[in-house]
Amino acid sequence: MKCTSAEAAKILRQLNEDYNALWRMESKSMDFVAALNEDTESVRPEYNYTETQKKLAELEDKIRTVKHAINVFNTTHTVPGFDMTIDQMLIYLPQLSNRKSKLYDMKNRLPKVREKSSYSGSNIIDYRIVNYDIAAAEADYNEAAALLSKAQNALDVINTTETMDIDIEI
């Protein structure tokens, strides 16, 4: 089956949901409680051990197959405009996001701020003073924000246009 990375992610999500639903159903029906004088057959939940194990194993196999195809795709496809593979980009995006967040805080600081005194009844005034160029932090923030946006867009294009082969039937 040919599909994009975005489609493969949806298939994987559905397979995981199907697996979890079957696993929860099994955990609810693999045993049951009956009163001493109760007809156990009238309260026995429907459960077929062999069939359930077979379906769980099939789903596990499909999940492994899809995950492997995504992993191979991510390690073999380079993101246009960036000298890195998709799996590297998936590490780079959170790094860029963290950098952008830190720089956002740094660019919005005041050069000098009065601190609360930790000395009760003292006349000592403390100031917190930035130890960097706020304008440089703002420039770096703008650069990081633009680069993050460019990287996300480049990855989105690949995820919705490039296809991979997954050897399963859905």
Side-chain angles (χ1 to χ4, degrees), residues 1-28 56 59-168 170:
M1 158 195 313
K2 275 204 175 295
C3 64
T4 65
S5 188
E7 292 168 332
K10 288 178 184 165
I11 291 168
L12 183 58
R13 189 176 320 111
Q14 184 60 54
L15 288 169
N16 280 314
E17 287 175 6
D18 292 349
Y19 180 87
N20 290 332
L22 183 56
W23 189 87
R24 279 195 293 298
M25 188 59 69
E26 180 184 43
S27 69
K28 291 177 184 176
L56 287 169
L59 286 167
E60 288 169 347
D61 183 54
K62 287 180 180 182
I63 289 167
R64 279 192 311 275
T65 300
V66 173
K67 280 187 174 184
H68 177 69
I70 291 171
N71 288 340
V72 168
F73 181 81
N74 287 348
T75 58
T76 59
H77 284 73
T78 303
V79 179
F82 295 84
D83 188 25
M84 59 182 78
T85 60
I86 294 170
D87 70 319
Q88 291 171 314
M89 181 66 79
L90 293 173
I91 297 165
Y92 184 53
L93 287 173
Q95 290 172 335
L96 269 178
S97 185
N98 288 339
R99 177 171 172 74
K100 179 184 163 197
S101 179
K102 176 191 74 164
L103 291 169
Y104 178 82
D105 290 339
M106 292 178 76
K107 82 178 188 81
N108 288 310
R109 292 202 179 181
L110 295 173
K112 183 177 179 182
V113 178
R114 188 173 184 174
E115 285 283 306
K116 271 193 163 191
S117 176
S118 59
Y119 311 106
S120 179
S122 173
N123 290 335
I124 298 174
I125 299 173
D126 290 330
Y127 289 93
R128 180 170 302 275
I129 302 166
V130 296
N131 196 22
Y132 58 89
D133 181 358
I134 293 175
E138 185 169 5
D140 287 347
Y141 167 82
N142 292 334
E143 182 182 322
L147 188 56
L148 178 60
S149 180
K150 180 182 175 188
Q152 289 169 328
N153 287 336
L155 191 56
D156 287 346
V157 168
I158 288 178
N159 284 338
T160 57
T161 59
E162 298 278 328
T163 59
M164 67 179 84
D165 286 318
I166 302 178
D167 189 24
I168 64 167
I170 300 295

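The analysis underlying the following values was restricted to heavy atoms, covering all of them including side chains, and did not include hydrogens, waters or symmetry mates.
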Sequence neighbours excluded and cut-off under 3.5 Å, please list the side-chain donor-acceptor pairs for residues 10-18, or say none.
unit_1 : atom_1 : unit_2 : atom_2 : d
Gln14  : NE2    : Asp18  : OD1    : 2.7
Asn16  : ND2    : Leu12  : O      : 3.2

Query raised in the report: Can you list the steps and then say if Lys100 with Tyr141 is a side chain to side chain contact (heavy atoms under 4.5 Å, CB included)?
Result: CA-CA 6 Å; Lys100 179 184 163 197; Tyr141 167 82; 3.5 Å; yes
Query raised in the report: Hey, mind stepping through Ile166 and Phe73 against side chain to side chain contact (heavy atoms under 4.5 Å, CB included) and telling me if it holds?
Result: CA-CA 10 Å; Ile166 302 178; Phe73 181 81; over 6 Å; no
Requested in this report: Could you give me the CA-CA distance, side-chain angles and deciding distance for Met164 and Ser5, then say whether side chain to side chain contact (heavy atoms under 4.5 Å, CB included) is met?
Outcome: CA-CA 7 Å; Met164 67 179 84; Ser5 188; 3.9 Å; yes
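Counting only heavy atoms from C-beta outward, the side chains of Val72 and His68 approach each other to under 4.5 Å. Looking at Leu155 and Leu90, their side chains come closer than 4.5 Å, going by heavy atoms from C-beta outward. Taking the side chain as every heavy atom from C-beta outward, Thr4 and Asn159 never approach each other to under 4.5 Å. Counting only heavy atoms from C-beta outward, the side chains of Asp140 and Arg99 approach each other to under 4.5 Å. The shortest side-chain heavy-atom distance between Asn74 and Thr85 does not fall under the 4.5 Å cut-off.
For the pair Lys150 and Phe82, the cation-pi test (distance below 6.0 Å, angle within 45°) is passed.
Salt bridge status for Arg64 with Asp61: present, with a side-chain N to carboxylate O gap under 4.0 Å.
Panel note: side chain Ser97, backbone Pro94; no donor-acceptor pair is recorded below 3.5 Å. Between the Tyr132 side chain and the Met106 main chain, a donor and an acceptor come within less than 3.5 Å of each other.
The salt bridge (charged side-chain N to carboxylate O under 4.0 Å, His left out) check on Lys112 picks up nothing, with sequence neighbours excluded.
With values rounded to the nearest 0.5 angstrom, Asn108 atom CG is found 10.5 Å from Leu103 atom CG.
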